[in-house]
Asker: 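My structure is below; once you've seen it, I'll send some questions.
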Number of protein chains: 2
Amino acid sequence: MDIRQLRYFIAVAEEANIGRAATRLHMSQPPLTRQIQQLEEELDTQLFVRTPRGMELTQAGTLFLAEARNIRALIEQATERTQRAGQGRLGRLDVAIFGSAILDRIPKLILNFRNEYPDVNVVLHTMTKAEQIAALRQNRITVGFNRMLAPLPDIRSEVIATEALLLAVNLNDPLAAQPALPFDALARRPVILFPSGARPNFVDKVLALCEARGFIPEVAQEVGDAVTGVALVASGFGVCVVPESATTLQYPGVAYLPFADAPADARVDLSCIYRADDHSPILTTFLASVRKSAALQDGAARGA
Amino acid sequence: MDIRQLRYFIAVAEEANIGRAATRLHMSQPPLTRQIQQLEEELDTQLFVRTPRGMELTQAGTLFLAEARNIRALIEQATERTQRAGQGRLGRLDVAIFGSAILDRIPKLILNFRNEYPDVNVVLHTMTKAEQIAALRQNRITVGFNRMLAPLPDIRSEVIATEALLLAVNLNDPLAAQPALPFDALARRPVILFPSGARPNFVDKVLALCEARGFIPEVAQEVGDAVTGVALVASGFGVCVVPESATTLQYPGVAYLPFADAPADARVDLSCIYRADDHSPILTTFLASVRKSAALQDGAARGA
DNA sequence: TCACCTAATACCTTCGCGGTATGATGAACA
DNA sequence: TGTTCATCATACCGCGAAGGTATTAGGTGA
């Protein structure tokens, strides 16, 4: 059996006339006759009774008509769905995110993507940087978000945004009264650092910034993530350098102050990472969407 | 797209290797490669990534594999069902029955058929003889059961069985004490006749039998069917000639007595009727089944 | 009885499927 | 690093089957 034969059969059944059906199928009558005969032969079942007025479906033919229509619809649907999947508009996308950047930028990026491609099932996984790289290599995720990545041959990374650094200060601290702080305010308070995970990380960044300004901060505590860091600030353990997006954390008793001298290097990147050899359409569409919304957010941020 | 291509695609997807798939499909590798390429081209979607170790499904390919399997299963099912319908093993059969013969023979015939062909949906319609013929001509039924049919050019009829006639007598009637009666007992009692519908009918039959024996019975009442007739016997209106199968009606106060002189013509036929030009398999199987069980019942009746 | 509709048949041409032979390419291994 | 082995892709050929034209067969209705 052949899908073409199904199409022919449906046409003949609907027209109840081979000649008209042939016209509708843009072909001549004899080959159509033969195809119908072959179909009947292959099924070993009479589908039509030939009358002088045309072709009349038998009971078996009526049943087969329903089945044939169903099959044809299914094929069309399969074609359409496969094409959409091939364009990255349908399917599943496993995305890894990390603790603190989930706070602001990433949810917006993902939300935009989901609005644009509602038939892509986005599954989020929280992972550390090292876990993300391992998961990418094992194909458990397609894309990850992270900061401060060392270059790797098989993993490509793309900077989505850079964020300014702010200082989280306890409201009881006199520093909190100022609109902005010099960077060396860090030298005068115990500092809470995060995360305590794989290097290079945000800790190194902060220490390097201090070193560049000629002091070594007093480290009050190293913690796992921004949320914990801010919590310790609220408890009066010290101050904590956080990226802009952490300000979404409206923790009572904590103020976020910009650095008055606004050093150009006091920024941190937000990157997305993926396999260098992954050319899947779903990744392609996701990256395109992320780049677009990142540019928009960036523009908005600069504009504001 | 082509069902053959679906088969090829499934094989390649399952083997993850064109060469092995070709072996499984009993063909060589190059045409299979080409068919897969054509399928991808037609769908405008990459279904596989080619690796030095073979063919690996893309996400779109994985989706299409599921769809393809589904479609193939549906096609197989459609084929199988259509074939069964073509053999008269699946479908719908509209059967007309009439009032009194429903009592015994016909339910057995239909029950046998339904046991043998459980996937045929038998729909019963109660109709008079005239209605049956009209319904046959309008294709509203496929087969009918009736008695005493005048021959018609477009309707074929087949005698399924003949039944002996019995006399239904009120138990208070002295006649009821006898084991059997002479036919002219009818001359000595008021007679209830049925049915009162279209001629020729059972009424004519009884009157003709009387006439052949030189008497005209006193007609107490003409009624529509055997059930009513027997009810009137129970009420003492008179006697009533009924076919054998009416004895299934175990009406209190009524005895069914055979005719002692057992006239060979005191029998009535039970026929089934159908369109002469109907060669549908479902009718064919039904008629075969009816003939078989009628022969069995007949044998059993004679044996007993 | 004839005209007209229907489907079926005969015969031809062409397209495409499948076959064989060969090429291109990356992986594994010495 | 070169060699070998596997993979899939390409080139080209022959044949079968699909579709086309012309015609026949058969039943209906005027």
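Throughout, a chain's letter reflects where its sequence line sits, starting with A, and its residues are numbered from 1.
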Asker: Looking only at the side chain of A/Gln35 (C-beta and beyond, no hydrogens), which of the listed nucleotides C/dG18, D/dG19, D/dG27 gets closest?
Answerer: D/dG19
Asker: Whole angstroms only, please: what is the CZ-P distance between A/Arg4 and C/dC15?
Answerer: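 About 16 Å, once rounded to whole Å.
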Asker: Taking the side chain as every heavy atom from C-beta outward, state whether B/Val120 and B/Arg114 have any pair of such atoms under 4.5 Å apart.
Answerer: no
Asker: Would you please confirm or rule out a distance under 4.0 Å between OP1 or OP2 of C/dG18 and any side-chain N or O of B/Ser28?
Answerer: no
Asker: Do any N or O atoms from the side chain of A/Asp94 and from the backbone of A/Thr142 form a donor-acceptor pair under 3.5 angstrom?
Answerer: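 Between the backbone of A/Thr142 and the side chain of A/Asp94 there is no qualifying donor-acceptor contact (under 3.5 Å).
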Asker: Rounded to whole Å, please give me the gap between CG in A/Leu32 and P in C/dT6.
Answerer: 14 Å
Asker: Between atom CD in A/Glu41 and atom P in C/dA8, what is the gap in whole Å?
Answerer: 13 Å
Asker: Can you check whether A/Pro195's main-chain N or O pairs, donor with acceptor, with A/Asn201's side chain at less than 3.5 Å?
Answerer: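 Indeed, once roles are kept as given, a pair shorter than 3.5 Å links the two residues.
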Asker: B/Thr33 has a side chain; which of C/dA7, D/dT10, C/dG26 sits nearest to it?
Answerer: D/dT10
Asker: Measure the distance from CZ on A/Arg20 to C1' on C/dA7 and round it to the nearest whole Å.
Answerer: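 Checked: the CZ to C1' distance equals 13 Å.
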Asker: Between D/dG20, C/dT6, C/dA27, which nucleotide gets closest to the side-chain atoms of A/Pro31?
Answerer: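 Selected nucleotide: D/dG20.
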Asker: Hey, is the side chain of A/Arg50 poking within less than 4.0 Å of OP1 or OP2 on C/dA8, counting only N and O atoms?
Answerer: yes
Asker: Does D/dT10 have OP1 or OP2 sitting under 4.0 Å from an N or O in the side chain of B/Gln29?
Answerer: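 For D/dT10, neither OP1 nor OP2 has a side-chain N or O of B/Gln29 closer than 4.0 Å.
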Asker: Measure from CD1 on A/Ile36 to C1' on D/dA18 and round the result to the nearest Å.
Answerer: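 Between C1' of D/dA18 and CD1 of A/Ile36: 14 Å.
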Asker: Within the structure shown, what part of the strands sits under 4.0 Å from B/Phe48 by heavy-atom distance: base, sugar-phosphate, or nothing?
Answerer: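 No contact.
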Asker: Let me know the distance between CZ of B/Arg7 and P of C/dC17, rounded to the nearest Å.
Answerer: 13 Å
Asker: For A/Pro52 and A/His26, take the nucleotide of DNA chain D holding the closest heavy atom to each; which residue's nucleotide lies nearer the 5' end?
Answerer: A/His26
Asker: Between CZ of A/Arg89 and CD1 of A/Ile282, what distance do you get to the nearest 0.5 Å?
Answerer: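 Here the interatomic distance stands at 11.0 Å.
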Asker: Nearest whole angstrom, please: distance from the P of C/dC17 to the CD of B/Gln5.
Answerer: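 From B/Gln5 CD to C/dC17 P: 7 Å.
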Asker: Ignoring the backbone of B/Arg53, work out which of C/dA27, D/dT7, D/dT10 is nearest its side chain.
Answerer: C/dA27
Asker: Nearest to the side chain of B/Arg34, which nucleotide is it out of C/dC17, D/dG20, D/dC8?
Answerer: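 Of all the options, the side chain of B/Arg34 is nearest to C/dC17.
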Asker: Please tell me if A/Gln38 has a side-chain N or O lying less than 4.0 Å from either OP1 or OP2 of D/dA18.
Answerer: yes
Asker: Is a salt bridge present between A/Glu14 and A/Arg69, judged by a nitrogen-to-oxygen distance below 4.0 Å?
Answerer: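 Counted as a salt bridge, because a side-chain N and a carboxylate O are separated by less than 4.0 Å.
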Asker: Expressed as a whole number of angstroms, how long is the span from A/Met27:CE to C/dT14:C1'?
Answerer: 15 Å
Asker: Which one, C/dA27, D/dA9, D/dT21, comes nearest to the side chain of A/Pro30?
Answerer: D/dT21
